[in-house]
Each structure stands twice: as structure tokens, then as C-alpha cells.
Amino acid sequence: MKNLIEKYILETQLWVSVMMSCLCLFFGLLHKSVDYNRIFIVFFCTLAAYNFIDFHASWNNRNLFRKIQGILFLTGTACSGYLLWKENSWEQLSSLLFLSIFVILYNSSFLVVRFRNISVLKIFVISFVWTCFVLKVGNTFVFSFGEFLSIFLFIIGITIPFDISDMERDSIQTIPRVLGVEKGRQLACLCLVSSGLLFFYIFPMKTDFVLSWNLACLLAIILILFMHKKETHFYTRFWIEACSSLPLIIFYLIQK
């Protein structure tokens, strides 16, 4: 089962696309401005972007699975393009084009210098793009800097474990390589605690949402603390990635 999940859910980027969409939906519910068309745009854009980053250099490979990645990239691009046309929002389109530049600069094989290969920078680029996708592409409300920072810290907190998992494969200096694994974990936990406190400060009257966000931060901290060196690849890409959906899941459970 684990191998099937890894190959057909994780490696096809379906999992991360669903997680991003869940985060968008949570904030749409928070601001009472849910736009499912925009959430589907986020899903298909994420599907296209992650497949582009991971597989664009090997689409000419005759391996069937590689060709599936190409199909998913084209499908994601076509569907998000169609939904953008239906949305008819120049602001959203400009935001998406701006973020697409970051995606291309992040890890494109045809570039001499990529964001991913600049020491320590990649985690901030990922967190910035995710936060902007949630607030600017996936939703229509006007957000505050504090809200932006809370999401940004949350994404950094759950992304540091990915750098821990990739320590042996990374050739650049990442936060865990600079600080060490234990201090990297501590920094991730500190980011999550700060995100929860900031969320409480911004939305003191929205008790259910604050509780959902802070419980999600707490569960993410527990997952990070119990993260072991063995089998971290699946652990991070499935369980740690799933933390993005926890605020939404907890909120629905509270409502019941």
C-alpha cells in the first residue's frame, strides 16, 4: 500500500495539490469568501507546477511513468487556464504569472542559476510562493501582513523536515545542514509556535478557526519531534505534507 501511495499519489503530485487546496479552503471559510473556482485553479496550478519542477528535464524519457508526468503537467496547465478564463480576473492572472516566474526560476534545468541551488534561500522561496498562492490566487479577500506572516511561518515549519530528509542528497547549505538536525527541528517547532500565537493575535474572536490552526500547529510539532532518520522520505512527503490539511479537517470536526 505504501509503495502504491508513494508512486501514484505522491510522485504524481496529487497529494501536494490537494494539501494546497485544503489550505486555501480553510482561509476561504475563515473570511466567508469561499470561491471553489479559485480553489480548483490552485489545485491544477499546483499539479502543473510541481510536475514541471520535478520532471520537465526528462519528458523525452520513454518511461511510461515519466510520460504520465507530462500528461499531468499539460492537464493541470489546460484546466487552470480554462478556469482562469472563466474567473476573468486580471488581478488573479497577474498574481499567477508573477508566481510562475518564481516556479520557473526555482529549479529549471535550462537556467545557469536556480533558486533551489542558492544556499538556505529555497525554503523561503517555497514558503513565499505557497503563502501567495493561498492568499492571492486561491482567495479574494484582503489579507493583513500578520496573516501572511502566520501562514509563511507555518509553511517554513513544515518544510524544514523536508530539508532534514534531503540532507544527504542536497549539495547546498540548507537550514538543517547549517544548524544541525536537532536545531533544525527546534527552529521548525519555533516557527509553528510563532504561527499559532500570531494567528490567535490576529483572529481572537474566531475561536473555532484559532483552535483549528493551533491544534494543527501542535500536531505538526509532534510529527516533527517523532520524525526519525529512517524512512523520512515517505514520512515527510505524506504525513508532514498532510499538516496543510489539518486546519480544515480539525475545523470540520469541531463543527460537528
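Computed from heavy atoms alone, side chains included, the values below leave out hydrogens, waters and symmetry copies.
- Listed by first and then second residue, the salt bridge (Lys or Arg N to Asp or Glu O under 4.0 Å) pairs that reach into residues 128-151 are Glu91-Lys136, sequence neighbours excluded.
- Minimum interatomic distance between Thr140 and Ser33 (heavy atoms only, all atoms of both residues): OG1-CB, 3.9 Å.
- Considering every non-hydrogen atom in both Gly184 and Leu179, the closest pair reads N-CB, 4.4 Å.
- Here the shortest heavy-atom pairing between Gly76 and Ala48 reads C-CB, 3.9 Å.
- What you find for Lys206 and Leu30 is that their closest heavy atoms are NZ-O, 2.7 Å.
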Please test Ile5 against Trp15 for side-chain contact (heavy atoms from CB on, under 4.5 Å), starting from the C-alpha separation and ending with a verdict.
CA-CA 9 Å; Ile5 291 173; Trp15 188 244; over 6 Å; no

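- With hydrogens and angles ignored, the 3.5 Å screen pairs a side-chain donor or acceptor of Asn51 with a backbone N or O of Thr12.
- You'll find the ring centres of Phe124 and Phe128 outside the 6.0 Å limit.
- Atoms CG and CG, on Asn214 and Leu197 in that order, are 7.0 Å from each other to the nearest 0.5 Å.
- With Gln13 contributing its side chain and Glu11 its backbone, the two residues share a donor-acceptor pair below 3.5 Å.
- Taking all atoms of both residues into account, the shortest heavy-atom contact from Leu198 to Gly146 is CD2-O, 3.4 Å.
- Residue Leu23 holds its CG atom at 8.5 Å from CG of Leu135, rounded to the nearest 0.5 Å.
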side-chain contact (heavy atoms from CB on, under 4.5 Å) between Leu223 and Ile158, worked out:
CA-CA 10 Å; Leu223 286 172; Ile158 65 172; over 6 Å; no

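- If you chain together ILVMFWY residues whose side-chain heavy atoms come under 4.5 Å of each other, Ile249 ends up grouped with Leu253.
- The ring of Trp213 has its center closer than 6.0 angstrom to the ring center of Phe154.
- With rounding to the nearest 0.5 angstrom, the SG atom of Cys79 is 8.5 Å from the CG atom of Leu47.
- The distance from the CD1 atom of Ile156 to the CG atom of Leu192 is 10.0 Å, given to the nearest 0.5 Å.
- Counting heavy atoms from C-beta on, the side chains of Val34 and Leu29 come closer than 4.5 Å.
- Separation of atoms CD1 (Ile202) and CG (Leu149) is listed at 7.5 Å; rounding is to 0.5 Å.
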Please walk me through it: do Ile155 and Val134 pass side-chain contact (heavy atoms from CB on, under 4.5 Å)?
CA-CA 11 Å; Ile155 300 302; Val134 171; over 6 Å; no

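- Dense packing is recorded around CZ of Phe251, with more than 12 heavy atoms of other residues, nucleotides or ligands lying under 6.0 Å away.
- A 4.5 Å side-chain heavy-atom check between Val18 and Ser245 finds every atom pair outside the cut-off.
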Residues Cys45, Met20; criterion side-chain contact (heavy atoms from CB on, under 4.5 Å); working and verdict:
CA-CA 10 Å; Cys45 283; Met20 176 80 89; over 6 Å; no

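- Smallest separation of non-hydrogen atoms from Val137 and Arg38: O-NH1, 3.2 Å.
- Taking the six-membered ring for Trp and thresholds of 30 and 60 degrees, Phe143 and Phe141 have ring planes more than 60 degrees apart, a perpendicular arrangement.
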Steps toward ring pair (Phe, Tyr, Trp, His ring centres under 6.0 Å) verdict (Phe199, Phe203):
CA-CA 6 Å; Phe199 199 93; Phe203 304 109; 5.0 Å; yes

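- Follow the hydrophobic side-chain contacts under 4.5 Å out from Ile151 and you never reach Val142; the two are in separate clusters.
- Here the CD1-CH2 distance, from Ile126 to Trp130, works out to 9.5 Å after rounding to the nearest 0.5 Å.
- If you run side-chain contact (heavy atoms from CB on, under 4.5 Å) between Asp163 and each of Ile123, Val178, Thr236, Val181, only Ile123 comes through.
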